[in-house]
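Not measured: the values here are computed from a predicted model. So you know, we letter chains A, B, ... as the sequences are listed, proteins then strands, and number each from 1.
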4 protein chains.
Amino acid sequence: MSPIPLRQRRKEARPQELLDAALALFVEKGFVATRSEEVAARAGVSKGTLYLYYPSKEELLKAVIRQQLSSQIAAGALEVERYVGPTSTLLVEVLSRWWQGVFDSPASGVFKLVITEVRGFPEIADFYVQEVIEPGERVIGSIVQRGIDRGEFRKLDVPTVVHSLVLPMVMLCLHKHSIGACAQHKHDIDPHRFIRDHIELMLHGMQTSPTAAEAPRPAAKAKATAK
Amino acid sequence: MSPIPLRQRRKEARPQELLDAALALFVEKGFVATRSEEVAARAGVSKGTLYLYYPSKEELLKAVIRQQLSSQIAAGALEVERYVGPTSTLLVEVLSRWWQGVFDSPASGVFKLVITEVRGFPEIADFYVQEVIEPGERVIGSIVQRGIDRGEFRKLDVPTVVHSLVLPMVMLCLHKHSIGACAQHKHDIDPHRFIRDHIELMLHGMQTSPTAAEAPRPAAKAKATAK
Amino acid sequence: MSPIPLRQRRKEARPQELLDAALALFVEKGFVATRSEEVAARAGVSKGTLYLYYPSKEELLKAVIRQQLSSQIAAGALEVERYVGPTSTLLVEVLSRWWQGVFDSPASGVFKLVITEVRGFPEIADFYVQEVIEPGERVIGSIVQRGIDRGEFRKLDVPTVVHSLVLPMVMLCLHKHSIGACAQHKHDIDPHRFIRDHIELMLHGMQTSPTAAEAPRPAAKAKATAK
Amino acid sequence: MSPIPLRQRRKEARPQELLDAALALFVEKGFVATRSEEVAARAGVSKGTLYLYYPSKEELLKAVIRQQLSSQIAAGALEVERYVGPTSTLLVEVLSRWWQGVFDSPASGVFKLVITEVRGFPEIADFYVQEVIEPGERVIGSIVQRGIDRGEFRKLDVPTVVHSLVLPMVMLCLHKHSIGACAQHKHDIDPHRFIRDHIELMLHGMQTSPTAAEAPRPAAKAKATAK
DNA sequence: AATGAATGAGGGTTCATTCAT
DNA sequence: AATGAATGAACCCTCATTCAT
């Protein structure tokens, strides 16, 4: 049934395996502190082999980031256009979906990687801005705009709202891979719960009429402050 | 006229000069990528001198972080107790003051430093959490709680609100020292303006009464909590 | 024709080549004063390669000593058991053979190395005592004892005799690698001749019967020992 | 009563205090591994002061050795000329006296120092040979020669006998400061007892008539092998 | 004379990268 | 293609020596 011999399958899988290994290690230990041999070892190949696929550790770093970003651009944009229904629901929907896909996956590490390494490789900034920040802000921004246009949201400064919405999410990803990864401080926050609450809180702040804010979750009931 | 000999005066200044140099460089290039000689040079001394004051690069890092943190704890707590007046004003006041003191100063770099280096030196996590996160959250949390107690804010989950308020601020510090430091992306956001807007937006989300710009809202009822 | 590739052949030879180089240099210049790069160079490899085989200069030192010692233990013991004939001949035989094997070989340097470096690395003392001193004294001691038992030697304190016999030999090895290695003082003594004479002199002192050049002597009585 | 102020006395004592400190440390840790600051500290002065008395660590080493040697030349020679009585007694007398003065004093360390450091500073060899080896061998040699001339000793090769006599003594000094200084191996030999026995054994080997050998110590009795 | 802060050459060790196998 | 031995530049840190005080 599988016409492709194992050897060849491995060979084709190599680049991805190397990228995965590199992502994990770069995020964990930092780019400089990660030895290229470790990356190779984690990918199950030898030091030399790594250099067959990537000409240098630096290129490997860029490839890691590029690849993670490409997969992020994705989705969403279309959804917005087609969607009918309350904007708050749409916003919750889009942010949640993205959050689900990112936070628990290794992809959450790219944020740390970018923050940590851009200064050393400013090219990274360019494609990060182009591939993630801008498209991301455009999508979220367009939703917010839709809410404003439809009178659901107050007339707010769109970029501000977008940042207020998104920065905590990014920050949680960073936390996960830094302090959150240190034994004692693992469970200080429940990220999924926080994000849910955060969005809700934001919606409150954005909405014209308080009632509208509740729309997305009909079955919900009072919960307020319970810690 | 000057009874203290130059040598000695220098000696006392050295540790701080070295810490300043180290902070700047560690934030800019990362701990591992910074050569100890660079730190020394930036502090205007030679390689060897650095080791007269700090026994190793690693200890220097810890000293850098410790010192920045110690100076952060400070402030605010008292203010909260004494304050009379609307909680929203208090919150704006406290956050703004802190923001002023941090964002434009080199201290803003510690966030990046911590995020970047904790994994390598987990002890850092401990004192960061103790010296910054916990006291910080306690102060902001107490303000939020005050607002709730006084019926000015809705009955929200305090930690959630604190995070929603603060994480974007921290994130902006990180941004400043990473992407924001790359030529092309310098002025994507005006941080001070954003923080002002962000807080305002948050307050909207938090407040009970629509007075400020919202429709009247009865005791908050349905809450979109179901996960 | 040669199925083993050159690389691999080298690899197997490396440790020994490095040990040889290290022995020579450590003996000549002392452990601390020898740069690891020199060792590598003398072994025909680069600095880095040394660390492929030994994790540190210190481990290299220990390996050098260990290896020399292991090869020393060896020999003699059996010979003693089997031997028939006068003990004096046996003693001469065993000491000469050992002397031949040691003095002119690089192994003679280990004595200096041990004397010089034990204080810095006391573990060395343990294995030197176990691998060299004790076995060596045991072998020579057993010969002396045999002589006493067979009435060929006077009833002397065995360890004393062993030391009197052996210490000058060790001392000559030390001399060879210290003062003896300094141009002006090269030929102050002919070591082989000296050792021959020394053993002969010692035998005179040990023997019961005056055969060689001594008057008959009854069971030794008066002893010039009182301190 | 003491007209010399303390300050000045200290000042005059400095060089000697520094030499003592240096001897102890150089013997213990080796010349290269001893930091000049340690020497200063042990002598109770600061780093800088050391350089007021000796222009470099190397000169300090040479001074240490020179001074120790100068004090060794000393004595004995005259004694030999004047002495009347059996040569064996004279020999025992001279060797014992020297041994007493050397072994238990810090001077015993110079042997190690010379052995260890000559290769690095060959000038040391010259004055060591001139100041110690040659005078020493001359004194002992003249005694041995006297014994031969007077028919007390067999017609042996004088240098050989001298070496056989003296090398174990030197070797014991070396041992004391190397293996003997390592906890486990402190009491393997009783040096004073050994030297006494060794000389006695040597005398046995040297003497024409066995009876003569016993002369020096009339009151002694059988002791032989008892360990 | 004495101090000890400062210097900077020097040496141990690491690791990205190459290349013979 | 894959390996891993070898290289050597680079970096942390030490310490002899200097010199302002």
Original post:
Closest heavy-atom contact between His177(D) and Gly109(D)?
Top reply: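 Here His177(D) and Gly109(D) meet closest at NE2-N, 3.3 Å.
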
Subject >> Closest contact, heavy atoms only, Val27(C) versus Lys112(C) >> reply: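 Scanning both residues, the minimum pair turns out to be O-NZ, 2.7 Å.
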
Starting from [atom2] on [N], measure out to [atom1] on [X] and report it in whole angstrom.
{"X": "Lys57(D)", "N": "dT17(F)", "atom1": "NZ", "atom2": "P", "result": "8 Å"}
{"X": "Tyr51(A)", "N": "dT18(E)", "atom1": "OH", "atom2": "C1'", "result": "10 Å"}
{"X": "Tyr54(D)", "N": "dA16(F)", "atom1": "OH", "atom2": "P", "result": "17 Å"}
{"X": "Glu37(B)", "N": "dC12(F)", "atom1": "CD", "atom2": "P", "result": "9 Å"}
{"X": "Lys29(B)", "N": "dC11(F)", "atom1": "NZ", "atom2": "C1'", "result": "12 Å"}

Closest approach to the side chain of [X], judged atom by atom: which nucleotide of [options] is it?
{"X": "Leu52(D)", "options": "dT17(E), dA1(E), dA5(F)", "result": "dA1(E)"}
{"X": "Lys47(D)", "options": "dA2(E), dC12(F), dA5(E)", "result": "dA5(E)"}
{"X": "Ser56(C)", "options": "dT13(E), dC13(F), dT7(E)", "result": "dT13(E)"}
{"X": "Thr49(B)", "options": "dT7(E), dG12(E), dT18(E)", "result": "dT7(E)"}
{"X": "Tyr53(C)", "options": "dA5(F), dA16(E), dT3(F)", "result": "dA5(F)"}
{"X": "Val45(A)", "options": "dG11(E), dG8(F), dT3(F)", "result": "dT3(F)"}

Original post:
More 5' along DNA chain F: Leu50(C) or Ala33(B), using each one's nearest nucleotide?
Top reply: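 Its nearest nucleotide lies further toward 5', so the answer is Leu50(C).
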
Subject >> Of Phe31(B) and Thr34(D), the one whose closest DNA chain F nucleotide lies more 5' >> reply: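 Looking at the nearest nucleotide for each, Phe31(B) comes out on the 5' side.
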
Subject >> Ionic contact status for Arg42(B) with Glu38(B), cut-off 4.0 Å >> reply: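 Here Glu38(B) does not pair with Arg42(B) in a salt bridge, since their nearest N and O are not under 4.0 Å apart.
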
Original post:
Under 4.0 Å: is that the gap between some side-chain N or O of Ser46(B) and OP1 or OP2 of dT7(E)?
Top reply: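 For Ser46(B), the contact criterion (side-chain N or O under 4.0 Å from OP1 or OP2 of dT7(E)) is met.
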
**OP:** Ignoring backbone atoms, test whether Arg14(D) places a side-chain nitrogen or oxygen under 4.0 Å from the OP1 or OP2 oxygen of dA2(E).
**Re:**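 For dA2(E), OP1/OP2 do have a side-chain N/O of Arg14(D) under 4.0 Å.
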
Original post:
In Watson-Crick or G-U wobble terms, both distances under 3.5 Å, what is the partner of dT3(E)?
Top reply: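 Across any shown strand, dT3(E) pairs with dA20(F).
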
Original post:
Which residue, Arg35(C) or Pro55(C), contacts DNA chain E at a nucleotide closer to its 5' end, judged by nearest heavy atom?
Top reply: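 Counting from the 5' end, the first nearest nucleotide belongs to Arg35(C).
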
Subject >> For Phe121(B), the option from Phe127(B), Phe26(B), Phe31(B) that meets ring-ring contact (aromatic ring centres under 6.0 Å, His included) >> reply: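 Single ring-ring contact (aromatic ring centres under 6.0 Å, His included) partner of Phe121(B) among Phe127(B), Phe26(B), Phe31(B): Phe31(B).
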
Subject >> Reported CD-to-OH distance for the pair Glu117(C) and Tyr128(C), which is rounded to 0.5 angstrom >> reply: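 Output value for this atom pair is 13.5 Å.
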
Original post:
Touch check for Ser36(C), heavy atoms < 4.0 angstrom, all strands: base, sugar-phosphate only, or nothing?
Top reply: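 Here Ser36(C) touches the bases of the nucleic acid.
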
